Asker: 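The structure follows.
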Amino acid sequence: MNLGNRNGVNLNLINPYYTSNEKAYYYLDQNGDGSANSDEVSHQTLDNLFNGGADTTTDSNRTITVDANNGTYTIKLPTVDELKGLSNIQSFLGGRWAGVGESTYWTADRSDSPEQHALYGLRSWNTYYRDDSEKQFVALEVDFKSNAPDAPPLSTQDLVRLQTTQISALSTTSLSAISPASVAAIDPLDISQLS
């Protein structure tokens with residue numbers, strides 16, 4: 001799915017993985033070619049995306065929201081610990097994201113040194129620290145909420161009225177006389193009258 005260009009980042013997200021606790025992770029296909037090759041970005045680019053150029057951290061400033069496709073997407077840069085939870089997944093085929101691409105991914109974890117963030121190796125299970133100017137691959141957690149209004153629940157009174165209307169419409173005809181044409185002739189219930 002492509003969520004457009006945001007602060008210089010092409011949010012083209014591919015190869016989703018859904019965890020058992022209902023989190024969805026996507027690979028950032030920055031160059032938009034549909035594969036997980038040549039998509040490295042610097043951490044400074046991620047800082048621009050999430051925090052207006054200031055450092056992203058594990059405590060805050062690692063989430064953005066994007067309105068698109070009749071909904072709201074919350075996009076989060078994972079921490080080392082969150083990526084560790086993915087490194088044991090069989091479908092990652094030895095640490096490669098969905099079977100393609102490379103194995104080290106930027107995280108929101110900062111180093112004690114200025115201008116450095118942690119990388120997590122899905123294949124090696126190791127944490128590395130690199131300068132923010134270095135380019136690496138990116139995995140993002142994505143949550144979607146639809147903007148479509150939820151239908152209000154029917155009250156008990158509405159359900160009784162619905163049952164009564166349908167039963168009375170069918171009971172005016174003997175069972176032997178019911179045909180597809182006679183069922184089609186029954187006026188549909190106008191649900192706008194339900195309270």
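Small disclaimer: the values here were computed from a predicted structure and weren't measured.
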Asker: Any donor and acceptor pair, going by atom type alone, linking the side chain of D47 with main-chain N or O of G53 inside 3.5 Å?
Answerer: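 Checking the backbone N and O of G53 against the side chain of D47, no donor-acceptor pair under 3.5 Å is found.
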Asker: Below 30° counts as parallel, above 60° as perpendicular, anything between as tilted: where do the rings of Y18 and Y26 land?
Answerer: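 Answer is perpendicular, since the angle exceeds 60°.
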Asker: Could you pull out all residues at least two apart from H43 that satisfy ring-ring contact (aromatic ring centres under 6.0 Å, His included)?
Answerer: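 ring-ring contact (aromatic ring centres under 6.0 Å, His included) check on H43 returns W106, H117.
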Asker: If every non-hydrogen atom of V41 is compared with every non-hydrogen atom of Q30, which pair is closest and at what distance?
Answerer: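 Smallest heavy-atom distance, with atoms named: CG1-CG, 3.7 Å.
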Asker: Quick one: side chain to side chain donor-acceptor pair (under 3.5 Å) partners of N48, sequence neighbours excluded?
Answerer: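 Counting only residues at least two positions away or on another chain, N48 forms a side chain to side chain donor-acceptor pair (under 3.5 Å) with Q44.
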Asker: What pairs of residues pass the ring pair (Phe, Tyr, Trp, His ring centres under 6.0 Å) test when at least one of them lies in residues 63-84, not counting sequence neighbours?
Answerer: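 Those involving residues 63-84 are Y73-F144.
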Asker: Can you list the residues that meet the salt bridge (charged side-chain N to carboxylate O under 4.0 Å, His left out) rule with D29, with sequence neighbours excluded?
Answerer: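 Applying salt bridge (charged side-chain N to carboxylate O under 4.0 Å, His left out) to D29 gives none.
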Asker: Taking side chain to side chain contact (heavy atoms under 4.5 Å, CB included) as the test, write out the residues that go with S133, two or more places apart.
Answerer: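 D131.
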Asker: With sequence neighbours left out, write down each residue that passes side chain to side chain donor-acceptor pair (under 3.5 Å) with N61, or none if nothing qualifies.
Answerer: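 Here no residue qualifies.
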Asker: According to salt bridge (charged side-chain N to carboxylate O under 4.0 Å, His left out), who are the partners of E115, at least two apart in sequence or on a separate chain?
Answerer: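 For E115 there are no salt bridge (charged side-chain N to carboxylate O under 4.0 Å, His left out) partners, ignoring immediate neighbours.
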Asker: Over all heavy atoms of both residues, which pair between T56 and F50 is shortest? Give the atoms and the distance, please.
Answerer: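 Scanning both residues completely, I find the closest heavy atoms to be CG2-CB, 3.5 Å.
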Asker: Not counting sequence neighbours, which residues clear ring-ring contact (aromatic ring centres under 6.0 Å, His included) with Y129? List them please.
Answerer: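 For Y129, no residue satisfies ring-ring contact (aromatic ring centres under 6.0 Å, His included) once neighbours in sequence are set aside.
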Asker: Pairs of donor and acceptor atoms involving the side chains of residues 76-83, under 3.5 Å and at least two apart or interchain, shall be tabulated with distances.
Answerer:
residue : atom : partner : partner atom : Å
T79     : OG1  : D81     : N            : 3.4
T79     : OG1  : E82     : N            : 3.1
E82     : OE1  : R62     : NH1          : 3.0
E82     : OE1  : T79     : N            : 2.9
E82     : OE2  : R62     : NH2          : 3.4

Asker: Output all residues satisfying side chain to side chain donor-acceptor pair (under 3.5 Å) with Y128, sequence neighbours left out; order by chain, then residue number.
Answerer: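 Listed in chain order: S124.
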Asker: Using the side chain to side chain donor-acceptor pair (under 3.5 Å) criterion, which residues pair with S111? Sequence neighbours excluded.
Answerer: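 Partners of S111 by the side chain to side chain donor-acceptor pair (under 3.5 Å) criterion, ordered by chain and then number, come out as Q116.
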Asker: Identify the two heavy atoms, one from L3 and one from I75, that lie closest to each other, and give their separation to 0.1 Å.
Answerer: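 Answer, listing the atom of L3 first, then I75: CD1-CD1, 3.7 Å.
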Asker: Within the 4.5 Å heavy-atom criterion, are D132 and D55 side-chain neighbours or not?
Answerer: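 A side-chain contact exists here, since the closest heavy-atom pair is under 4.5 Å.
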Asker: Provide the closest heavy-atom pair for D67 versus R6 in the form atom of the first, atom of the second, distance.
Answerer: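 Looking at all heavy atoms of both residues, the shortest contact is O-NH2, 4.1 Å.
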Asker: Run the salt bridge (charged side-chain N to carboxylate O under 4.0 Å, His left out) test against D143 and tell me which residues pass, sequence neighbours left out.
Answerer: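 Partners of D143 by the salt bridge (charged side-chain N to carboxylate O under 4.0 Å, His left out) criterion, ordered by chain and then number, come out as K145.
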